[in-house]
Student: 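Dumping the structure here so I can ask a few things about it.
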Amino acid sequence: MDLSSPISSIPRIGKVTAKRLEKIGLRKVEDLLYHFPSRYDDWSKILTVKEIKARGSGTIKVKIKHIANRETPRKKMILTEAIVSDSTDSIKAVWFGQPFLVNVLKPNQEVFLAGKIDYDEVFGCQLVSPSYEFPKRDGLIHLGRLVPIYPTTEKVSQKQIRFLIKEILPLVWKIKDFLPEEIKKDYQLMDLPFALEQIHFPASHNLLERAIHRLKFDELFLIQLQTQLVRERLKKQKGPKIEIKLEEIKKFIKELPFELTFSQKKSAWEILKDLEKPRPMNRLLEGDVGSGKTVVATIAILNVILNNYQVAYLAPTEILANQHFNTISKLLKNWPIEIALLTREDKKIISKKEKEEKISKSKLLSKILNGEIDLTIGTHAIIQKEVKFKNLGLVIVDEQHRFGVEQRAALLNNRKKEGGFIPHFLSMTATPIPRSLALTLYGDLDLSIIDQLPPGRKEVKIKIVKPGEEKEVYNFIKKEIKNGRQAFVICPLIDPSDKLGVKSVKQEYEKLSQEVFPEFKIAMLHGKLKAKEKEKIMKNFLKKKINILISTTVVEVGIDVANASIMLIEGAERFGLAQLWQLKGRVGRSEYQSYCFLFSESYSEKARERLKALLLAKNGFELAEKDLEMRGPGEIFGTQQSGYLEYLKIAKLSDTLIIQQSQEAAKKILSLDPVLKNFPLLSKKIKEITKVTHLE
Ligand code: ADP
Ligand code: MG
């Protein structure tokens, strides 16, 4: 048996157990070694019986004097009772529903027991359901120590997992430490095999802490090293050289119906300066919802096209691609630019004569290939192999966090295929990632932040609506709609479900259109509709032909309907905070006072507490920091996580000191040896994580 053997090769593991463990991703022996405890119970101090009586809990080493089963009078359950003692005192131990124990624990045997003492008026002082273990030559596993508690799956007990890991633990000494000696010395890091041994069965609190530190460092260091390698490599690549066409850009900005905010100007300038460099740009534009990223991107688009390169603009949904097609072609209508929309369902272009026309897919593809199309806007249909550009100069990805890891990888890989150079890359996100986090996750990207909203926006008023208060809100909405405003109603589900109380779009549609708002035009929008229908509904909503739009979170990203002033969210506690923030951002996009109503199905104080964070946060960045504190990064990113986050098993993004140290360490190693020629083990490790993080 070695590290790469299947876990079924571990002696005494059952077939069934192996199968169950496979389900939680534990396939190889090595996986099990890297299956870290989620916490530890401290049963390390061995007490005397006298001491445990005084303390109320702990581990004791005792001899069994007497043990027997007894039926409880009322509850029809078998009770196992034992009298145990050491030289100081004796105590009663009880177990419930485990009659087999009389065959395991026999009189006169020595045994370790760990657990809590219960004081009962009738029975006095007794040790309730203690765990037990017989003395062993090579030390205790389950008690009498810092006992590891593992994440596990149904029907695989802590004892089983602990036992298996103990079995394979000697294999850690076969693992070669990939960290260079000087790094270990600089940051006082434990050797890898020792750290792996100690994380499972720590000999002391101190050693455990050092083991955790070392393993966290490993994860963060490898990510840092990888992103810095990518960055260095990109620096050496050639990108299309894009001059800044200052006169034209100024003209474009002057003709906008609004004044750009300072933040917008700054970000636009950072992007233009970056495009000017002879290497490919790799930049993330972060800006809260409604901060006006589209127009900043359009400045970059215009500049690249004026340099005779093509641009591809990717949106995560068909609705959004359509919307961008409309807004961007409006913004660029005075410029001789050919714009196409390419989604699975839609293929059309807006020609220089400002006429929209449908076009067949093959025609569109050939126009993109021969360079007639300057700007292609679309969904990930654009990253299909069949779409080839003549001279792609810039790729823009809107709401990049909505693209899966695979798609991001496909994009990056596609970039390589373009002729002699790599196109510039601008990704945009409204997911408010704190700067510290962004630097860890996207260390390969440069960062521009729009941290200012256009002037004149009124803050959206948020109200948490408890069960029973809905009517008042509905009346208020009626008034608003009669004043000409529009409303979004968001539900967690499309179809009615068996789960009691979870609101669905279809149910709400019935209820609102028939009972609550029979006088208004109401429509449904959700992912199961055809793109054509979705577009029609969105268009009608934009043209104010629809008063209330009931929808799933497909409207979450990017939709821009300035006249909508109401956002009503059903089952608000089912959404992540960042998602709620995004939804809230769909309103408050004009001078009208806007409102966000959070309908909560839950009476629980805790659920409401969480929603309150939304009321307190001044901006998305602050909310994200808060969210990170409260629950960790999973919540921010939802299910479509970044590859990095999946990779982080033990390190947390709040480990700021280790993040900083690992960044330093990575820089140091690369300055000594830019291609890791002298660190083959490290090089191999990087290749492994590249597979997981999809970053090349
Ligand atoms: P997001 O950053 O969420 O993608 P958008 O680009 O959709 O935001 O912009 C939101 C709205 O704000 C749009 O209607 C846009 O025209 C408008 N807008 C953008 N910049 C400004 C500005 N400087 N002043 C006023 N309105 C602006
Ligand atoms: Mg947007």
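In this text, all values refer to a predicted model and were calculated from it rather than measured experimentally. Order of listing sets the numbers, starting from 1, for every ligand and every atom in it.
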Student: Determine the interplanar angle of the Y474 and F599 rings, folded into 0 to 90°, and report it as parallel if under 30°, tilted if 30 to 60°, perpendicular if over 60°.
Tutor: tilted
Student: Within ligand 1, which atoms have a heavy atom of G292 less than 4.0 Å away?
Tutor: 1 (P), 2 (O), 5 (P), 6 (O), 8 (O), 9 (O), 19 (C)
Student: Could you list the residues that satisfy side-chain hydrogen bond (donor to acceptor under 3.5 Å, both in side chains) with S565, not counting sequence neighbours?
Tutor: E480
Student: Are K390 and D374 within salt-bridge range, i.e. N to O under 4.0 Å?
Tutor: no
Student: For F425, is the NZ or CZ atom of R283 found under 6.0 angstrom from the centre of its six-membered ring and inside 45 degrees of the ring axis?
Tutor: no
Student: Can you list the atoms of ligand 1 that are under 4.0 Å from a heavy atom of T261?
Tutor: 23 (N)
Student: Considering the heavy atoms of T294, write down every atom of ligand 1 situated less than 4.0 Å from one of them.
Tutor: 4 (O), 5 (P), 6 (O), 7 (O)
Student: Between K251 and E247, is the closest basic N to carboxylate O distance under 4.0 Å?
Tutor: no
Student: Measuring from non-hydrogen atoms of G287 to any atom of ligand 1, is the shortest distance under 4.0 Å?
Tutor: no
Student: Any idea which of Q582, K293, R589, K330 brings a heavy atom closest to atom 2 (O) of ligand 1?
Tutor: K293
Student: Report the part of E259 (side chain from C-beta onward, or backbone N, CA, C, O) that has a heavy atom under 4.0 Å from ligand 1; answer both or neither where that applies.
Tutor: backbone
Student: Quick check: F488 with F541 (ring centres under 6.0 Å apart)?
Tutor: yes
Student: With K266 as the cation and W269 as the aromatic partner, state whether NZ or CZ is under 6.0 Å from the six-membered ring centre and within 45° of the axis.
Tutor: no
Student: Heavy atom under 4.0 Å from ligand 1: found in R457's side chain, backbone, both, or neither?
Tutor: side chain
Student: Of the side chain and backbone of L260, name the one, both, or neither that has a heavy atom under 4.0 Å from an atom of ligand 1.
Tutor: backbone
Student: Looking at ligand 1, does G290 have a heavy atom less than 4.0 Å from it?
Tutor: yes
